[in-house]
Novice: 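Okay, handing you the structure first.
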Amino acid sequence: MSKVVHSVKDALDGVNDNMTILLGGFGLCGIAENLIVGLRDSGVRGLTCVSNNAGVDEFGLGLLLQTRQIKKMMSSYVGENAIFERQFLSGELDLEFVPQGTLAERLRAGGAGIPAFFTPTGVGTQIAEGKEIRTFGNRQYVMEMGITGDFALVKAWKADTFGNLVYRKTSRNFNPMVATAGKITVVEVEEIVPLGELDPDQIHTPGVYVQRILKSPKLEKRIENRTIRKA
Amino acid sequence: MPLTKEQIARRIAREIQSGFCVNLGIGIPTLVANYIPDSLGVMLQSENGLLGLGPFPLESEIDPDLINAGKQTVTAVKGASFFSSADSFAMIRGGHIDLTVLGAMQVDREGSIANWMIPGKMVKGMGGAMDLVAGARRVIVAMQHTDKDGVPKLVNKCTLPLTGVGCIDRVVSDYGVFDVVRGSHFRLLEWAPDLSPEAVVRATGAEVEIAKGAKAMDV
């Protein structure tokens with residue numbers, strides 16, 4: 001059975017209201033932009049989205065905030081999104097702030113069958129309130145839970161038809177952990193290559209984690225802060 | 001005159017030793033990179049998954065897949081590596097980053113820092129700051145000495161939501177260089193040359209001891 005699908009609609013088949021969706025990306029870098037548009041167009045509502053950021057107002061996850069399809073976000077930083085701040089402060093949107101490293105590790109743990117772990121990050125802050133604290137050696141650690149999702153939406157550079165993935169530069173970010181933590185992991189890629197073309201030594205995500213592969217119909221790869229130096 | 005942002009950055013760059021791996025936060029900390037001598041062989045870490053951060057790209061080099069934690073387009077130096085966010089924070093939390101420099105809204109004499117939230121007002125999130133202050137081997141704060149209303153940011157006890165407890169080693173502000181004597185007070189090591197040490201103490205909202213051998217900063 002081929003994992004390759006030929007439309008965004010097929011890629012997202014089975015996404016329903018109130019599901020938890022895990023998304024790769026850091027800012028707008030390495031986001032599954034076509035799958036996010038597809039989520040919006042599907043009209044599903046009440047989503048819990050786990051993503052480091054929330055896009056900008058009119059691109060990335062910001063699109064789903066505009067249409068109020070997101071009930072809850074789990075993120076480390078949402079400062080680039082004015083709609084987000086407004087919806088949160090008015091109480092329309094639920095938000096769980098998760099320190100960035102804790103978010104990465106919670107996804108890694110979720111995908112690796114680890115229900116919870118202890119980290120020093122956030123001890124003594126409001127992030128640790130109500131959570132179990134343990135002392136190891138002379139230091140305190142807070143227990144954090146692994147995260148899994150109904151769907152994981154991943155952006156990679158190349159996939160082979162088994163779903164082995166290679167990412168490019170800093171667009172890797174959260175994508176490898178997200179890929180492991182979805183019941184159904186959908187990846188959009190710039191290029192699908194035949195089996196054998198990717199060097200097994202250079203694969204970042206083994207294909208076992210991937211259920212569906214879509215070649216991006218088009219990619220904008222929008223840049224958030226275009227910064228250059230003069231020659 | 002207090003120090004300029006560039007002078008704060010230049011002073012902090014002197015804390016960086018040969019072979020260090022350093023994570024620089026957004027704002028004044030970013031400027032520190034401009035003053036690190038190439039001869040030190042320092043590798044800059046960007047928590048979105050790059051060790052070996054280079055200068056901003058030429059127009060012709062811009063690559064949307066290559067950004068820093070401030071979402072700016074950047075380049076990678078020779079010897080750089082790319083990795084996932086989990087690997088990035090394993091590096092940070094695991095104590096493999098020698099130094100991090102970050103901004104703050106408040107720092108107190110416990111060495112605690114607040115820099116991610118103003119309740120009911122500013123909701124942006126902590127990003128990687130909580131992990132960085134918990135994990136980096138040395139944590140230096142770069143900041144203005146007072147907020148825009150003139151309220152001191154070095155305090156006896158932080159009133160804003162904390163980013164980390166007992167984690168700050170040193171603060172470099174536009175007024176001077178302070179060590180945190182955790183649980184007790186701040187120790188003034190150097191002051192901005194146009195100010196007096198007494199003026200710096202007066203402008204600080206916490207107990208400050210003027211260190212033996214304290215001096216005007218050489219900037």
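Just so it is clear, the model here is predicted, and its values are computed rather than measured. Labels below follow one simple rule: chain letters A, B, ... track the order of the sequence lines, proteins then strands, and each chain is numbered from 1.
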Novice: Is the OH atom of Y209(A) crowded by more than 12 outside heavy atoms at less than 6.0 Å?
Specialist: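 No, not enclosed.
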Novice: Less than 4.5 Å to any heavy atom of chain B: does that hold for the side chain of L95(A), its backbone, both, or neither?
Specialist: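 The answer is the side chain of L95(A).
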Novice: Taking every non-hydrogen pair under 4.5 Å, which of G79(A), A128(A), G101(A), G27(A) racks up the most with chain B?
Specialist: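 Among G79(A), A128(A), G101(A), G27(A), the one with the most close pairs to chain B is G101(A).
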Novice: Could you look at E61(B) and say if it's the side chain, the backbone, both or neither that has a heavy atom under 4.5 Å from chain A?
Specialist: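 Contact with chain A is through the side chain of E61(B) alone.
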Novice: Counting only heavy atoms closer than 4.5 Å, note whether I92(B) contacts chain A via side chain, backbone, both or neither.
Specialist: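 Neither the backbone nor the side chain of I92(B) comes within 4.5 Å of chain A.
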Novice: To the nearest 0.5 Å, tell me how far N52(A) CG sits from E47(B) CD.
Specialist: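 CD of E47(B) is found 9.0 Å from CG of N52(A).
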Novice: Is E85(A) in contact with chain B via its backbone, its side chain, both, or neither, using a 4.5 Å heavy-atom distance?
Specialist: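 When you check distances to chain B, only side chain atoms of E85(A) fall under 4.5 Å.
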Novice: Of all heavy-atom pairs between Q126(A) and P161(B), which one has the smallest distance, and what is that distance?
Specialist: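 Distance-wise, the nearest heavy atoms are OE1-CB, 3.6 Å.
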Novice: Tell me, side chain or backbone of P120(A) under 4.5 Å from chain B's heavy atoms, or both, or neither?
Specialist: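 Both backbone and side chain.
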Novice: Return the minimal non-hydrogen interatomic distance between G122(A) and M130(B), and the atom names on each side.
Specialist: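 Nearest pair, atom of G122(A) first, then M130(B): CA-SD, 4.0 Å.
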Novice: Mark yes when over 12 heavy atoms from residues, nucleotides or ligands other than K131(A) sit less than 6.0 Å from its NZ; otherwise mark no.
Specialist: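 Counting other residues, nucleotides and ligands, NZ of K131(A) exceeds 12 neighbours.
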Novice: Rounded to the nearest 0.5 Å, what's the gap from CG on D131(B) to OG1 on T121(A)? Could you check?
Specialist: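 Atom-to-atom, D131(B):CG and T121(A):OG1 are 4.0 Å apart.
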Novice: Quick one: what part of A76(B) sits under 4.5 Å from any heavy atom of chain A, side chain, backbone, both or neither?
Specialist: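 Contact with chain A is absent: no heavy atom of A76(B) under 4.5 Å.
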Novice: Quick check on the interface: out of C29(A), P176(A), G24(A), who has the most heavy-atom pairs with chain B under 4.5 Å?
Specialist: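 Sorted descending by pairs with chain B, the first entry is C29(A).
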Novice: As an exercise: rank S112(B), G135(B), A69(B) by heavy-atom pairs under 4.5 Å with chain A and give me the winner.
Specialist: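 Of the options given, most contacts go to A69(B).
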Novice: Near D199(A) CG, under 6.0 Å, is it more than 12 heavy atoms from other residues, nucleotides or ligands?
Specialist: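 Correct, the count exceeds 12.
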Novice: Kindly say whether I67(B) contributes a backbone atom to a donor-acceptor pair with the side chain of T170(A) at under 3.5 angstrom?
Specialist: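 Answer holds: yes.
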Novice: In this structure, are over 12 heavy atoms from other groups packed under 6.0 Å from R137(B) atom CZ?
Specialist: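 Open.
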Novice: So, taking the atom named CG in D87(B) and the one named CG in N173(A), what distance separates them when rounded to the nearest 0.5 Å?
Specialist: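 Output value for this atom pair is 12.0 Å.
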Novice: Look at atom CG of D149(B) and say whether more than 12 heavy atoms of other residues, nucleotides or ligands are closer to it than 6.0 Å.
Specialist: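 Yes, because the 6.0 Å sphere around CG of D149(B) holds more than 12 heavy atoms from other groups.
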Novice: Given heavy-atom pairs under 4.5 angstrom as the criterion, report whether the side chain, backbone, both or neither of N68(B) touches chain A.
Specialist: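 Contact with chain A involves the backbone of N68(B) alone.
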Novice: Assess whether side-chain contact (heavy atoms from CB on, under 4.5 Å) is satisfied between M126(B) and F97(A), documenting all intermediate values.
Specialist: CA-CA 8 Å; M126(B) 72 293 283; F97(A) 272 130; 3.6 Å; yes
Novice: Please rank A134(B), C167(B), P64(B), P57(B) by heavy-atom pairs under 4.5 Å with chain A and give me the top one.
Specialist: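 Option with the top pair count is P57(B).
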Novice: Less than 4.5 Å to any heavy atom of chain B: does that hold for the side chain of R139(A), its backbone, both, or neither?
Specialist: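 Just its side chain gets close to chain B.
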Novice: Take V165(B) and V123(A), measure what side-chain contact (heavy atoms from CB on, under 4.5 Å) needs, and give me the verdict at the end.
Specialist: CA-CA 7 Å; V165(B) 173; V123(A) 169; over 6 Å; no
Novice: Among R229(A), R226(A), K230(A), which residue meets the side-chain hydrogen bond (donor to acceptor under 3.5 Å, both in side chains) test with E59(B)?
Specialist: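 Filter result, single survivor: R226(A).
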Novice: Between I62(B), L162(B), T73(B), who has the most heavy-atom pairs with chain A when the cutoff is under 4.5 Å?
Specialist: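 The residue among I62(B), L162(B), T73(B) with the greatest pair count is T73(B).
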Novice: Who wins among A104(A), G30(A), A54(A) for the most heavy-atom pairs under 4.5 Å with chain B?
Specialist: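 Among A104(A), G30(A), A54(A), the one with the most close pairs to chain B is A104(A).
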Novice: Check the pair K71(B), N53(A) against side-chain contact (heavy atoms from CB on, under 4.5 Å), reporting the backbone distance first and the verdict last.
Specialist: CA-CA 11 Å; K71(B) 285 101 181 175; N53(A) 310 100; 3.4 Å; yes
Novice: How many angstroms lie between OG in S46(B) and CZ in F26(A), if you round to the nearest 0.5 Å?
Specialist: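 Nearest 0.5 Å value for the OG-CZ distance: 6.5 Å.
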Novice: Any heavy-atom pair between the side chains of D63(B) and R168(A) that's under 4.5 Å?
Specialist: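 Answer yes - side chains close enough.
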Novice: Using a 4.5 angstrom heavy-atom cutoff, name the option from S171(A), S75(A), P99(A) with the most pairs to chain B.
Specialist: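 Top count of heavy-atom pairs under 4.5 Å with chain B: P99(A).
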Novice: With rounding to the nearest 0.5 angstrom, report the OG to CZ distance, S85(B) to R172(A).
Specialist: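 Taking OG in S85(B) and CZ in R172(A), the distance rounds to 10.0 Å.
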Novice: Select, from G166(B), G49(B), G128(B), S84(B), the one with the greatest count of heavy-atom pairs under 4.5 Å involving chain A.
Specialist: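 It is S84(B).
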Novice: Is L107(A) in contact with chain B via its backbone, its side chain, both, or neither, using a 4.5 Å heavy-atom distance?
Specialist: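 No part of L107(A) comes within 4.5 Å of chain B.
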Novice: Please state whether the side chain, the backbone, both or neither of T163(B) comes within less than 4.5 Å of a heavy atom of chain A.
Specialist: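 Backbone only.
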Novice: Any side-chain heavy-atom pair from F89(B) and Q100(A) closer than 4.5 angstrom?
Specialist: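 Result yes, sub-4.5 Å side-chain heavy-atom pair found.
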Novice: Could you measure the distance from the CD1 atom of I228(A) to the CG atom of L58(B)? Nearest 0.5 Å is fine.
Specialist: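 Output value for this atom pair is 8.0 Å.
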